[in-house]
Amino acid sequence: MGGLLLLAAFLAAGLLLADVLFRKISGAARLWLGLTTGMLLMMWLPSLYAYALRFSLAAQFAALGTALAGAIGAQIALKGCLVDCWLRVADRLGERIPLFRRAADQPCRSLQPRAGTEKFWGDMPWWLPAALVLPLLALSIYLQYTHILREVDGALHVGQSTYGDLSLHLGIATGLVDAKYPATYTLIQDTLLGYPFLTDALSASMLVAGCDLALSMTIPGSLMMGLVYLGFVLLAWEMTRRPLAVVLSFLLLFFNGGFGFCYVLDTAWKDPSALKNVFTGFYGAPANMVEHNIRWVNVVCDMLIPQRTFLGGWTMLIPALYMLVRYLRRKEREWIPILGVWAGAMPMIHTHSFLALALISGGTLFYSLFSERDKVGVLRDFGIYALIAAVLAIPQLLTWSVPQTVDGGSLALRFNWVNFDPSTGRLIDGYFWFWIKNVGLVYLLMVPAALSQKKTGRALALGALLVYCIAELIQFQPNEYDNNKLFYAAFLLMLPMVGSYLACIWDKLRGLRGRTVLAGAFLTVSLLSGTLSLARETVSDYTLFSAEEAGCAEFLQENTARDAVFLTGDQHNNAVNALAGRQIVCGTGSYLYYHGIDYTDAYYAARNMLENPAENAALFEEYGVDYVYISNTERSNYQVDEQYFAENCEIVYNGFAIRVYKWEG
């Protein structure tokens with residue numbers, strides 16, 4: 001309960017702050033931005049205080065106090081004045097620096113509402129978000145429940161898409177509880193936690209306040225998914241002002257999938273029983289078929305549900321794009337400083353989303369310099385935006401991102417994403433065929449949709465194109481697949497334009513017999529793979545931790561020191577690390593390698609200690625091992641000398657299949 005109250009208090013602070021910062025927009029947009037601001041505050045502030053107070057309950061209270069004081073202070077002292085203040089500063093600078101000069105006839109805007117009170121939904125029909133967001137949010141809440149530590153007879157179950165990634169995020173969240181800062185990995189010793197960890201830190205804050213582990217993941221996860229869905233509807237409306245365009249772009253984004261269903265139908269035609277594999281096989285759904293080079297996975301199934309940093313990134317990216325669009329369309333300069341702060345906070349929430357936003361902003365700047373008359377004004381505004389963002393982001397990038405990416409040897413040139421085969425030096429599929437069969441018919445509409453746009457749309461399309469080109473040419477992490485996190489940002493931004501283009505085509509075909517049949521065929525081809533993939537996830541069920549593993553982890557939490565070091569195997573579903581949050585000698589390479597971490601020495605040290613403890617006492621001392629955890633996984637993957645541990649160490653946990661020994665040297 002304490003964790004839920006903490007989350008609610010941060011959300012309240014965000015709503016109060018948003019009531020000041022975003023006063024001139026509709027109530028729905030202000031509510032969305034307020035809840036997102038609360039999430040942002042809860043991600044960041046406790047970690048700042050953790051440098052002095054550890055990631056403790058005291059740090060949470062200090063962070064909450066700061067958030068509430070700032071929000072209430074904004075209500076009292078800055079209401080209606082904040083934007084005017086920075087604009088007046090720009091005016092004063094403009095007297096001395098031409099770059100900051102404003103046109104004499106441009107009045108200073110305030111945060112007070114425009115004349116007349118806007119309806120809650122503004123000029124958007126209320127049924128639009130209700131019809132789109134609520135059904136998909138209900139499905140997403142169900143998937144959060146079934147995919148994140150659902151208890152079944154004491155065992156902890158997950159879904160197909162979370163079986164691989166969830167343990168990483170659980171380990172980060174549980175490992176941050178009462179941790180010293182700067183935080184380090186609990187999967188390997190003495191290594192700075194360079195992976196974007198702030199989304200998981202939010203769950204860790206709830207854990208510190210006494211929340212259940214599953215709830216600490218599912219509650220904010222469900223909330224963020226709702227914010228992503230609502231935010232995209234508001235963004236698409238701001239870009240298109242057409243209900244049909246919003247509906248189409250929403251469906252094409254969240255039910256996305258290419259022509260993978262064709263491979264399913266082809267197989268089922270030869271063997272009808274093969275259709276069952278879509279719903280029972282491990283990654284047999286048509287939006288993710290590696291054997292056929294189908295890699296453009298469904299956004300909901302394989303990104304928002306399992307990839308928590310991606311979910312946190314999109315929660316923050318969509319508001320940033322909304323602010324950018326408002327500035328471009330309406331020349332509302334008051335968004336500039338807010339956007340700069342917002343962007344500057346993003347690197348350790350999701351670095352890919354931050355990079356995508358930077359590239360999109362760069363593309364819009366380039367286009368605006370050619371299309372706008374007031375080029376000095378464009379440079380001034382984007383310069384302020386970039387300066388604020390850089391001041392906040394560069395320390396994060398230099399501290400965490402650059403060492404992990406560059407020093408880890410991840411940065412490389414690579415053409416055409418996962419379609420390039422390094423062993424042959426050739427593309428697996430033809431360039432355009434690869435993208436068409438992965439993305440679907442939507443891919444063919446991107447260019448005409450961009451060309452059909454006016455000035456603002458074309459500026460945004462150029463930004464999306466820049467993201468696409470960079471992701472096609474540069475590999476940023478050891479896993480080349482992760483570049484999809486850049487591609488999806490460009491995809492998200494382009495879809496409202498595609499939706500608008502399709503709506504225009506629909507209007508032009510008015511009176512044509514068969515128009516509805518054509519539209520139905522297009523939607524079927526575009527949505528079938530994604531819909532089947534979502535259906536597969538709703539019935540997927542895998543055991544991540546057995547009842548004994550869960551019970552042992554609870555015992556270790558209650559009976560071992562927070563800084564105790566455990567010798568375990570390197571299985572990805574490591575209960576000691578993921579559930580108990582304890583430091584282990586070496587975790588799975590499936591995580592460490594793809595984070596650019598050299599784990600070779602630790603891997604062999606762990607193996608030698610498990611298999612030959614009598615001759616490796618020095619390694620036990622070097623790695624500071626306090627406990628040895630042996631389950632059937634360790635027995636299967638290693639030639640464990642369990643007799644030595646039983647004869648020479650005190651047993652502290654003695655279960656049916658799990659033994660935990662206290663190492664005493």
Side-chain angles (χ1 to χ4, degrees), residues 132 136 161 232 236 240 244-268 278 283-304 416-419 427-452 461 464-465 467-468 471-472 481 483-506 509 515-537:
L132 294 176
L136 188 55
S161 65
F232 182 75
T240 66
L244 180 58
V246 175
V247 171
L248 289 172
S249 60
F250 188 92
L251 295 176
L252 292 172
L253 177 60
F254 296 114
F255 292 84
N256 72 298
F259 289 148
F261 71 89
C262 294
Y263 293 101
V264 173
L265 295 178
D266 180 62
T267 304
V278 172
Y283 285 103
N288 191 353
M289 307 177 79
V290 177
E291 67 275 17
H292 296 298
N293 206 21
I294 297 289
R295 309 297 299 277
W296 189 254
V297 298
N298 178 261
V299 167
V300 176
C301 290
D302 292 303
M303 302 304 293
L304 295 177
N416 198 201
W417 189 33
V418 293
N419 191 39
L427 299 183
I428 300 171
D429 288 308
Y431 181 85
F432 288 109
W433 171 238
F434 166 75
W435 280 113
I436 292 169
K437 80 173 189 176
N438 270 271
V439 180
L441 296 176
V442 176
Y443 183 79
L444 299 173
L445 300 174
M446 294 290 184
V447 172
L451 294 176
S452 70
L465 177 62
V467 175
Y468 177 87
E472 279 284 71
Y481 175 74
N483 269 27
N484 65 355
K485 297 166 187 175
L486 292 172
F487 287 120
Y488 282 123
F491 185 62
L492 178 154
L493 185 59
M494 285 300 302
L495 281 180
M497 304 181 210
V498 172
S500 181
Y501 183 67
L502 288 169
C504 290
I505 294 176
W506 174 257
L509 294 178
R515 180 178 71 152
T516 303
V517 175
L518 286 174
F522 172 82
L523 289 176
T524 299
V525 170
S526 299
L527 306 180
L528 183 56
S529 289
T531 302
L532 287 173
S533 297
L534 279 166
R536 162 60 179 141
E537 285 300 325

For residues [X] and [Y], determine if any side-chain heavy atom of one lies less than 4.5 Å from a side-chain heavy atom of the other.
{"X": "Asn484", "Y": "Val418", "result": "no"}
{"X": "Val525", "Y": "Phe259", "result": "yes"}
{"X": "Leu248", "Y": "Val498", "result": "no"}
{"X": "Arg295", "Y": "Asn419", "result": "no"}
{"X": "Leu445", "Y": "Phe522", "result": "yes"}
{"X": "Leu427", "Y": "Phe434", "result": "no"}

Is the centre of the Trp417 ring less than 6.0 Å from the centre of the Tyr431 ring?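 Ring centres of Tyr431 and Trp417 not closer than 6.0 Å.
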Using only heavy-atom distances, determine whether the side chains of Asn298 and Asn288 contain a donor-acceptor pair under 3.5 Å.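 Distance-only check fails for Asn298 and Asn288.
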Just by distance, no angles: are the side chains of Tyr468 and Trp435 close enough, under 3.5 Å, to form a donor-acceptor pair?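 Side-chain D/A pair, Tyr468 to Trp435: present.
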Closest approach of [X] to [Y] (non-hydrogen atoms, all atoms of both residues):
{"X": "Val247", "Y": "Leu132", "value": "CA-CD1, 4.0 Å"}
{"X": "Pro496", "Y": "Leu492", "value": "CD-O, 3.2 Å"}
{"X": "Ala471", "Y": "Leu486", "value": "CB-CB, 3.9 Å"}
{"X": "Leu493", "Y": "Ala464", "value": "CD2-CB, 4.2 Å"}
{"X": "Leu534", "Y": "Phe254", "value": "CD1-O, 4.1 Å"}
{"X": "Leu509", "Y": "Arg515", "value": "O-CD, 3.4 Å"}

In Å, rounded to the nearest 0.5 Å, how long is the span from [atom1] of [X] to [atom2] of [Y]?
{"X": "Leu502", "Y": "Leu523", "atom1": "CG", "atom2": "CG", "result": "8.5 Å"}
{"X": "Ile294", "Y": "Phe261", "atom1": "CD1", "atom2": "CZ", "result": "10.0 Å"}
{"X": "Leu465", "Y": "Met446", "atom1": "CG", "atom2": "CE", "result": "11.5 Å"}
{"X": "Phe487", "Y": "Glu472", "atom1": "CZ", "atom2": "CD", "result": "4.0 Å"}
{"X": "Phe491", "Y": "Leu252", "atom1": "CZ", "atom2": "CG", "result": "6.5 Å"}
{"X": "Arg536", "Y": "Tyr283", "atom1": "CZ", "atom2": "OH", "result": "9.5 Å"}

From CA spacing to verdict: side chain to side chain contact (heavy atoms under 4.5 Å, CB included), Met494, Val442: CA-CA 10 Å; Met494 285 300 302; Val442 176; over 6 Å; no
Using modelled atom types and a 3.5 Å cut-off, is there a donor and acceptor pairing between side-chain atoms of [X] and backbone atoms of [Y]?
{"X": "Ser161", "Y": "Asp302", "answer": "no"}
{"X": "Asn293", "Y": "Asn438", "answer": "no"}
{"X": "Asn256", "Y": "Leu527", "answer": "no"}
{"X": "Ser533", "Y": "Ala287", "answer": "yes"}
{"X": "Lys437", "Y": "His292", "answer": "yes"}

Apply the test side chain to side chain contact (heavy atoms under 4.5 Å, CB included) to residues Asn416 and Ile428: give CA-CA distance (whole Å), side-chain angles for both, the deciding distance (0.1 Å), then the verdict. CA-CA 10 Å; Asn416 198 201; Ile428 300 171; over 6 Å; no
If you apply the rule side chain to side chain contact (heavy atoms under 4.5 Å, CB included), what do you find for Phe255 with Val300, and how did you get there? CA-CA 8 Å; Phe255 292 84; Val300 176; over 6 Å; no
Step by step, would you call Met303 with Val297 a side chain to side chain contact (heavy atoms under 4.5 Å, CB included)? CA-CA 8 Å; Met303 302 304 293; Val297 298; 3.9 Å; yes
